[in-house]
Number of protein chains: 2
Amino acid sequence: MTNRGPEPWQPVAFLLAQVGGFAAQRFAERVGELGLQPSDVGILRIISRHEGALSQQILAGFLGVGPSRVVALIDGLEKKGLVARARSARDRRNYELTLTDAGRDVMARMRQVGSAHDRDLTGSLTADERATLGALLGKLAAVHGLAEGVHPGYRS
Amino acid sequence: MTNRGPEPWQPVAFLLAQVGGFAAQRFAERVGELGLQPSDVGILRIISRHEGALSQQILAGFLGVGPSRVVALIDGLEKKGLVARARSARDRRNYELTLTDAGRDVMARMRQVGSAHDRDLTGSLTADERATLGALLGKLAAVHGLAEGVHPGYRS
DNA sequence: TATTGTTATACTCTATAACTATA
DNA sequence: TATAGTTATAGAGTATAACAATA
């Protein structure tokens, strides 16, 4: 490696945004084949983790969006038969969001799509390179406080 | 390194989209302080590379958007005094887009912002780690045919 | 009175297609 | 007639605030 003086800074931030944007775009296409939007994927995951103990307000908090937007998002998933609204017996103002059987099926297919997407995107790397890339990205995510499994694309 | 069987695939694609999205968001904030949108930055760069030999149609081709969108984008930059439309003498239908002096000033400041952004984003990595990350991302960008310096966020 | 979810309104962004001026 | 740029229109997406039901 040649020495080009102090701090030969590599402009990696742009590459990161560029490749990351490409990854997001490809992922949107893939889940689109399942009839979903990228935002739906994250919502299904959150619901599955808090099965039955999740109101729309709490979900809005997780996503960082207003309550009215959650209405539209859940409307779409309910219309597709993937999510069910059940009035809480203890406080009939709020809903308990649950996955339907079809919703669980879609989540299983989502995992397959995710794996295929991952192979598609990083298949040209060796296993070592992929592990290194994952470690470095994980380090950046941790340093900047990015929550695990939550894409920053919800809030405006 | 423990052996967990064949193909212990790391889900790096999501991390990529997540960190990449964060990088893009931060960059938008930074250039926002210069009164610019991320799309403006790419356009200024393209104009500077084809100084005077760039019509709006050709620019639309580069960006992958329709001509009417270019009108709005250039309107904004012209109103800020960064870009000038000059009717071509040879074919008075099309414009030759050029940077104003103020536009060149802003580009210089953009480079500083870009460096600061890069330090901000990857400052927690060692120089070696940063170089490795850049190399791996560059490899992915090349494999997937991402044009140098063009963010995929223009086309719908 | 306070809170959950919903609806109504307005605003932004973008694409498509009609239009003008040059060729 | 064909092309460069512009304007007009319509559609999607989203945020804000008013609203109804429940507490």
Side-chain angles (χ1 to χ4, degrees), chain A residues 21 24-25 28-29 31-32 35-43 46-47 50 52-80 83-98 151-156, chain B residues 21 24-25 28-29 31-32 35-43 46-47 50 52-80 83-98 151-156:
Chain A
Q25 196 172 285
E29 292 168 11
V31 301
L36 297 177
Q37 294 181 322
S39 54
D40 296 332
V41 176
I43 291 171
I46 294 175
I47 293 179
H50 303 81
L54 190 71
S55 70
Q56 294 186 187
Q57 293 276 349
I58 297 175
L59 180 55
F62 274 121
L63 299 177
V65 301
S68 71
R69 173 129 197 245
V70 173
V71 173
L73 291 167
I74 299 297
D75 277 353
L77 291 171
E78 194 180 34
K79 200 168 297 178
K80 287 172 195 151
V83 165
R85 285 173 162 112
R87 283 286 179 196
S88 167
R90 302 193 310 186
D91 184 341
R92 292 161 53 81
R93 283 176 304 183
N94 54 20
Y95 285 121
E96 292 161 351
L97 299 174
T98 59
H151 197 279
Y154 288 99
R155 49 194 69 71
S156 71
Chain B
Q25 198 172 286
E29 291 169 10
V31 300
L36 296 177
Q37 295 181 322
S39 54
D40 294 333
V41 176
I43 291 172
I46 294 176
I47 294 178
H50 303 82
L54 190 70
S55 70
Q56 295 187 187
Q57 293 278 349
I58 296 175
L59 179 56
F62 274 121
L63 299 176
V65 302
S68 70
R69 173 127 198 248
V70 174
V71 173
L73 291 167
I74 299 297
D75 276 354
L77 291 171
E78 194 181 34
K79 200 168 296 178
K80 288 172 196 150
V83 166
R85 286 173 162 113
R87 283 286 179 195
S88 167
R90 301 193 310 186
D91 184 342
R92 293 160 52 81
R93 283 176 303 184
N94 53 20
Y95 285 122
E96 292 161 351
L97 300 174
T98 59
H151 196 281
Y154 289 99
R155 50 194 68 71
S156 71

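First the proteins, then the strands, lettered A, B, ... as listed; each starts at 1. Values below: all heavy atoms of this structure, side chains included; hydrogens, waters and symmetry mates excluded.
- Atom CG of B:Leu59 and atom C1' of D:dA4 are 13 Å apart (whole Å).
- By the 4.0 Å N-to-carboxylate-O rule, B:Arg85 lies close enough to B:Asp75 to be salt-bridged with it.
- Rounded to an integer number of Å, the gap from B:Asn94 CG to D:dT3 P is 13 Å.
- Just one residue in the list A:Val70, A:Ile46, A:Leu59, A:Leu77 forms a side chain to side chain contact (heavy atoms under 4.5 Å, CB included) with A:Leu97, and that residue is A:Leu59.
- A:Asp40 has its CG atom 11 Å from the P atom of D:dG13, to the nearest Å.
- To the nearest angstrom, P of C:dT4 lies 15 Å from CZ of A:Arg85.
- Checking D:dT6, D:dA2, D:dA23 against the side-chain heavy atoms of A:Arg93 singles out D:dA23 as nearest.
- Atom pair A:Arg87:CZ and D:dA21:C1' shows a separation of 8 Å (rounding to whole Å applied).
- A:Ser55 comes within 4.0 angstrom of the backbone, heavy atoms only, and of no base.
- One atom, CZ of B:Arg90, and another, P of D:dT3, lie 18 Å apart when rounded to the nearest Å.
- When rounded to the nearest whole Å, the span between CD of A:Gln57 and P of C:dT4 equals 5 Å.
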Open item on the list: Evaluate B:Val71 against B:Gln56 for side-chain contact (heavy atoms from CB on, under 4.5 Å), listing each step before the verdict.
Closed with: CA-CA 8 Å; B:Val71 173; B:Gln56 295 187 187; 3.8 Å; yes

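- Closest approach to the A:Gln37 side chain among C:dA23, C:dA2, D:dG13 is made by D:dG13 (side chain taken as heavy atoms from C-beta onward).
- Between the side chain of A:Lys80 and the backbone N or O of A:Gly35 there is at least one donor-acceptor pair closer than 3.5 Å.
- Picking from C:dG5, D:dG5, D:dA15 the nucleotide with the shortest atom distance to the side chain of A:Arg69 gives D:dA15.
- In the set C:dT6, D:dT6, C:dT22, the nucleotide with an atom closest to the side chain of A:Gln56 is C:dT6.
- B:Leu73 has its CG atom 14 Å from the C1' atom of D:dT6, to the nearest Å.
- Of the candidates D:dT6, D:dA23, C:dG5, the closest approach to any side-chain atom of A:Arg92 belongs to D:dA23.
- Here the nucleotide nearest the side chain of A:Asp91, chosen from D:dA23, D:dT6, C:dG5, is D:dA23.
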Open item on the list: What verdict does the side-chain contact (heavy atoms from CB on, under 4.5 Å) test give for B:Ile74 and B:Tyr95, after you've listed the backbone C-alpha separation in whole Å, the side-chain angles of each residue and the deciding distance to 0.1 Å?
Closed with: CA-CA 11 Å; B:Ile74 299 297; B:Tyr95 285 122; over 6 Å; no

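- For A:Ser68, whose side chain is taken as the heavy atoms from C-beta onward, the closest listed nucleotide among D:dA4, D:dT16, C:dA15 is D:dT16.
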